[in-house]
Amino acid sequence: MNNSKGLKINRREFARGAALLSAAMVPAGIAFNEPPAAASNSQLPEDAEKLSAESRVEAEARFQQIMSQYGSRFDSEEQKSVRDSCYGLQRSLERLRAFPLENGAAPAVYLKPLLEREEKPQSAPAAGAAPTAAAKKP
Amino acid sequence: MLKESILYESVGELAKRIESKQFSPVELTEAYLERSQKFGPRLNAYARLMPVEALDQARAAEKDIHRGHYRGPLHGIPYAAKDLLAVKGVQTTWGAKPFAEQVFDYNATVIEHLKNVGAVLLGKASMIELAGGLGYSYASASLQGETRNPWDTSCWTCGSSSGSGAIVAAGLAGFAIGTETWGSILCPSAFCGVSGFRPTYGRVSRRGAMALSYSLDKIGPMARSAEDCTRIFAAIAGHDPLDRSTLPVDRAAFTYSPAADLKRHGLRVGWLANVWKEYEPGVAKAIQAAHKILPRHFASVKDAALPEGPWEEVAGVILQAEVASSFGELIRSGRVKELHDPQGRVGGYANLTVSGGDYTTAQRVREILQKKMDALFETYDVLATATLPAPAFPLTMSLDKGFSSPDPLGAIGNLCGLPALSVPCGFTEKNLPVGLQFVGRAGDDAAVLQAGQTFQHATEWHRKHPNLR
């Protein structure tokens, strides 16, 4: 009955896959919390000083991730600009994550179920078939 | 040919003249077209003028009115639409080279609404590339080049609705349509000395508008008075089954009723004295003067303070994550390199690294902040402060320098989907306009528009216009 059986993964497998994927995306030095080789203090953006040590590592990991995927597109000035934006983003994230949230605090956007289909005209039922619930609607 | 002073009249005044047949929509359109052809290129105000289509629409309006089918105050009034709104068969560039040849085969819902009330589309207004969503450092960040401020052509109009601001300020059309994700209606309105209205999120359909940030983008009018904004808003507001982000029918629609608005009880104003870190002296003077006259015209004016943030951080993370979705393909493909601004070419890459977890956290904090702001509106009907702490700055100045002050109210207003209006409230010593903004509770667009009208009944700043030669 279920032709997607071969693709089915359980939640634990999904979580493990996701964890492996994210580890793969971060350069090895970063993943083991070693200071990133690419960033000497003289190269770091101004925002770096305002970040915690963990956040600096994370910001640098963002930068390295971009460089590993798209680095050939940038000249040195552009690389500096990308690094600045990674550190700028990290500052925002640090403040955002510091905001106290209860576990049950729900996000501002909520799912608006797609109900329009109930209002659309149904295709003509086969002869003798009972009308659908939607078709009975005025 | 119509006098220049007529071209600076409000929509309400122009409508009376059209209805009483003092001049026809065709005469008015021809006059605005001639002026637009003369000053538009100097200001870089238009992405595209549409003279043939405009005159066709004007002739149709004239015929209708002649037959007695007058459709209301926008009938026969020429306007410009920001170049991120789809117009069937006409290039819609989003101000950006990668989309320079883009043509849609349908009209944006806003364009349809304005067509239905007989407004005449004169052309597409220039704009900052991709509404500035990938970042930009200079006024020149546009396929059309930098838009010049009609009050001082060595200064910028602000963005991203740059052309819309210039067109209204220079009297090139009766009104314009702009859009705002974060400051793109209010800032050009303040810099250009026009009245600009950002409606509550979800009241105006965005179908056919370039999507930058799905939960922040809004469309609104820029015009010569708050009353004009009210009339235009009434024409474009409403639920759209083709845009699921619009509010339900009864909450999205807005009816223009001047008598009812003016009979409404006096408004309670919360004066935000400490929103801006510091003011440029010319702006401070104009804002103090505006503050002084408010108590004579409003039920109460009391000092107010914004709740604790982190406003800008939350708005920033949401914006960056949503831009990573709306323009992810442009960034990943490398075509982002075709953008004009150096910052725009690289700014989007960091956006791609915002995690789903952080985006969701930002949305959870947003919910809390929305409630905090809603509670503030138990005490006040509208909040008021300067739209910006500085006037228009030189075209060559970097935006980092020009916008050095944090903007918590811009973040709050857009994050919480609150309506806001910027109205002119004076000039600096260098004759550059200063804007005063009113911000209201989500859904109470009427209070914000009424506040603007009340202020403009007591002042004449909105009637000033630049001396273009």
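Proteins get letters first, then strands, A, B, ... in listed order; numbering begins at 1 in each.
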Q: Could you check if a side-chain atom of Ile66(A) sits within less than 4.5 angstrom of a side-chain atom of Thr353(B), using non-hydrogen atoms only?
A: yes
Q: Might you work through the side-chain contact (heavy atoms from CB on, under 4.5 Å) test for Tyr70(A) and Val336(B), ending with a clear yes or no?
A: CA-CA 12 Å; Tyr70(A) 308 110; Val336(B) 68; over 6 Å; no
Q: Might you confirm whether atom CG of Asn274(B) has over 12 heavy atoms from other residues, nucleotides or ligands at distances under 6.0 Å?
A: no
Q: Counting only heavy atoms from other residues, nucleotides and ligands, does the tally under 6.0 Å from NE2 of His340(B) exceed 12?
A: no
Q: When rounded to the nearest 0.5 angstrom, what distance separates CG in Leu319(B) from OG in Ser92(A)?
A: 10.5 Å
Q: Can you confirm whether more than 12 heavy atoms, excluding those of Lys80(A), are under 6.0 Å from its NZ atom?
A: no
Q: Could you check whether Arg73(A) and Tyr349(B), counting side-chain N and O atoms only, form a donor-acceptor pair closer than 3.5 Å?
A: yes
Q: If you measure from CG on Leu352(B) to CD on Gln65(A), what distance do you get to the nearest 0.5 Å?
A: 8.5 Å
Q: Check for a donor-acceptor pair, side chain of Arg364(B) on one end and backbone N or O of Glu102(A) on the other, with a separation under 3.5 Å.
A: yes
Q: Quick one: which of Arg366(B), Lys371(B), Lys337(B), Glu308(B) has the most heavy-atom pairs under 4.5 Å with chain A, could you say?
A: Lys337(B)
Q: Hey, are the side chains of Ser81(A) and Gln343(B) touching, using non-hydrogen atoms and a 4.5 Å cut-off?
A: yes
Q: Return the minimal non-hydrogen interatomic distance between Ala350(B) and Ser85(A), and the atom names on each side.
A: CB-OG, 3.7 Å
Q: Please look at Ala106(A) and chain B and tell me whether the side chain, the backbone, both or neither of the residue comes under 4.5 angstrom of a heavy atom of that chain.
A: backbone
Q: Rounded to the nearest 0.5 Å, what separates atom CZ in Arg97(A) from atom CG in Asp358(B)?
A: 4.0 Å
Q: Mind checking whether Ile368(B) and Leu101(A) have side chains closer than 4.5 Å, heavy atoms only?
A: yes
Q: Please lay out, stage by stage, how Glu313(B) and Phe99(A) fare under the test side-chain contact (heavy atoms from CB on, under 4.5 Å).
A: CA-CA 11 Å; Glu313(B) 291 80 2; Phe99(A) 190 88; over 6 Å; no
Q: Of the backbone (N, CA, C, O) and the side chain (C-beta and beyond), which part of Val317(B) lies under 4.5 Å from a heavy atom of chain A, both, or neither?
A: side chain
Q: Going by atom type alone, with no hydrogens or angles, which donor-acceptor pairs under 3.5 Å involve a side-chain atom of residues 133-141 of chain B and a protein atom two or more places apart or on another chain?
A:
none

Q: Of the listed residues (Gly348(B), Pro342(B), Gly316(B), Gly334(B)), which shares the most heavy-atom pairs with chain A below a 4.5 Å separation?
A: Gly334(B)
Q: Are any non-hydrogen side-chain atoms of Leu96(A) and Tyr359(B) less than 4.5 angstrom apart?
A: no
Q: So which of Gln320(B), Glu312(B), Gln370(B) has the largest heavy-atom pair count under 4.5 angstrom toward chain A?
A: Gln320(B)
